[in-house]
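In what follows, a single structure is set out as structure tokens and then discussed.
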Amino acid sequence: MHILLVIFGAILSYFVWIKCIYYRQNSAKSRKHLLRFMLCRDKQFKSSQTSDLTGDVRALFLTAHPDDECMFFAPAILRLVELNASVNLLCLSQGNYYNQGFQRREELLDSCAVLGIPASQVTIHDCKELPDDPNVEWSISMASSLILKHIRAHSINLVLTFDGRGVSGHSNHTAIYKAVSYLASIGNIPDDCSLLSLSTIGVLRKYLSFLELPISWLLPSDLCCVIGSKGYGQAKRAMLCHRTQLLWFRYLYIWFSRYMIINTFQVIDQGPKNLKIY
């Protein structure tokens, strides 16, 4: 009996800890921390000015395929929309691997509408050099050119994309990271623009859902975005817009993936790097 009480107490304490972390991550102080990334190079920035700067945030999410936005980035998108930031999406392919490009384009627009991104701020590229195909190595030169053009055209000051492992390991995901890193390494990113990459985590953590939150909170990251039940409901509805992708394992992903609730990001350094360009 004593052992059962200890176990019950430990479980209860863990859930209380999760709730405390959630409220802390969604506090006013956390929102100010989020906005500092957009003005991290502005020495005149002060915390007291945060409420006046939400309209100055022009964020760009870089994805490879329709459904990436809700499968991987929903928490960050919803948090930025909540802060009245201008959120843009650039998808570098229309997901035509199974010749469903037209349907997937429409599904992406529907998903973005659920997440709070208007169609006018969604750009979908469809070019032969960047096909939806894990066996094709994307041209980093082509991808970086498209990305830089979009950043400059829309005066973007925050870019969020995949890291070097691409969350799922998909080669198209990692190609975007290489393209952004290349732009950063040669100094082509505008001075007022910050770059963030979505942290890839191990499979066990990935499918712990909200139970993974204390781990993400304890481990170092430059930005952590967490959504509650309402936000999760939006992310789920956005994912259900991708009807062509709703195989049985997608439902398991919706139910158990921590990326539907939690995003952690690392800053992409804007310094010299040696990258091979194709």
Side-chain angles (χ1 to χ4, degrees), residues 58-73 77 87-109 111-112 117 119-198 200 242 245 265-278:
R58 297 175 298 279
L60 174 64
F61 285 85
L62 294 174
T63 62
H65 319 105
D67 77 8
D68 288 348
E69 79 291 339
C70 54
M71 283 187 68
F72 307 117
F73 294 99
I77 291 174
V87 178
N88 298 264
L89 178 78
L90 174 59
C91 185
L92 292 183
S93 82
Q94 64 175 1
N96 201 38
Y97 187 69
Y98 293 108
N99 298 314
Q100 298 173 318
F102 178 78
Q103 299 99 306
R104 297 198 68 186
R105 175 186 289 267
E106 296 304 311
E107 290 170 356
L108 174 57
L109 293 174
S111 171
C112 286
I117 307 176
S120 60
Q121 293 173 201
V122 178
T123 303
I124 308 168
H125 275 286
D126 179 29
C127 54
K128 294 180 180 179
E129 293 82 358
L130 304 176
D132 172 13
D133 190 336
N135 299 313
V136 174
E137 190 166 0
W138 280 6
S139 166
I140 304 305
S141 178
M142 169 70 75
S144 60
S145 177
L146 291 172
I147 291 167
L148 182 60
K149 181 179 179 181
H150 203 85
I151 290 173
R152 288 176 172 170
H154 298 275
S155 301
I156 299 299
N157 56 18
L158 177 66
V159 174
L160 305 96
T161 191
F162 297 103
D163 68 2
R165 293 188 288 167
V167 179
S168 63
H170 198 296
S171 63
N172 298 164
H173 297 179
T174 59
I176 296 179
Y177 173 79
K178 291 176 183 177
V180 173
S181 295
Y182 169 66
L183 291 172
S185 71
I186 62 175
N188 272 7
I189 298 295
D191 290 339
D192 65 343
C193 185
S194 299
L195 309 173
L196 294 173
S197 63
L198 180 64
T200 297
H242 293 279
Q245 306 303 300
F265 293 87
Q266 302 289 344
V267 169
I268 299 176
D269 294 328
Q270 299 191 41
K273 293 180 182 178
N274 295 317
L275 290 177
K276 186 176 181 180
I277 307 304
Y278 299 91

Backbone N/O of Ala59 and side chain of Asn88: donor-acceptor pair under 3.5 Å: yes

Would you call Ser111 and Pro66 a side-chain contact if the rule is heavy atoms closer than 4.5 Å? no

Leu198 vs Asp163 side-chain heavy atoms within contact, under 4.5 Å: no

Do Ser171 side-chain atoms and Pro134 backbone N/O form a donor-acceptor pair below 3.5 Å? yes

Heavy-atom closest contact (Ala175 atom, Ile140 atom, distance): O-CD1, 3.6 Å

I'd like to know if the side chain of Ser93 reaches the main chain of Ala64, judged simply by a donor and an acceptor atom lying under 3.5 Å from each other, with no hydrogens or angles considered. yes

Nearest 0.5 Å please: distance from the OG atom of Ser155 over to the NE2 atom of His150. 11.0 Å

Look up atom CZ in Arg165 and atom OG in Ser197, then write down how far apart they are to the nearest 0.5 Å. 10.5 Å

Please examine the side chains of Ile268 and Tyr177, heavy atoms only from C-beta on, and report whether any two atoms are closer than 4.5 Å. yes

Nearest heavy-atom contact between Tyr182 and Ser144 is CD2-OG, 3.8 Å

How far does CE of Met71 sit from CD of Gln245, to the nearest 0.5 angstrom? 9.0 Å

Could you pull out the closest heavy-atom pair between Phe72 and His173, with the gap in Å? CE1-CE1, 3.7 Å

With rounding to the nearest 0.5 Å, note down the distance linking CD in Glu137 to CG in Asn172. 10.5 Å

Note: Thr174 and Gly166 closest approach over all heavy atoms is CG2-N, 3.8 Å

Minimum-distance pair of heavy atoms, taken over all atoms of Arg104 and Gly95: CD-O, 3.0 Å

Got a donor-acceptor contact below 3.5 angstrom from the Ser181 side chain to the Lys178 backbone? no

Side chains of Tyr98 and Asp132, heavy atoms from C-beta outward: is any pair under 4.5 Å? no

Between His65 and Tyr97, ring centroids under 6.0 Å: no

How long is the span from the NE2 atom in His170 to the CZ atom in Phe162, to the nearest 0.5 Å? 9.5 Å

Side chain to side chain contact (heavy atoms under 4.5 Å, CB included) filter on Asn96, not counting sequence neighbours, yields Gln94, Asn99

Any donor-acceptor pair under 3.5 Å linking the side chain of Thr161 with the backbone of Leu62? yes

Could you check Asn157, Val159, Leu90 and say which one makes a side-chain contact (heavy atoms from CB on, under 4.5 Å) with Ile151? Val159

With a 4.0 Å cut-off on N to O distance, would you call Asp126 and Arg105 a salt bridge? no

Say whether, by atom type as modelled, one donor and one acceptor occur between the side chain of Glu69 and the main chain of Asp67 under 3.5 angstrom. yes

SG-CE distance between Cys127 and Met142, expressed to the nearest 0.5 angstrom: 5.0 Å

If you take all heavy atoms of Leu195 and Ala184, which pair is closest and at what distance? CD1-CB, 3.7 Å

Between His125 and Leu146, is any pair of side-chain heavy atoms under 4.5 Å apart? yes

Positive for side-chain contact (heavy atoms from CB on, under 4.5 Å) with Ile124, one of Thr63, Leu108, Leu92, Leu89: Leu108

Any side-chain heavy-atom pair from Leu196 and Leu158 closer than 4.5 angstrom? yes

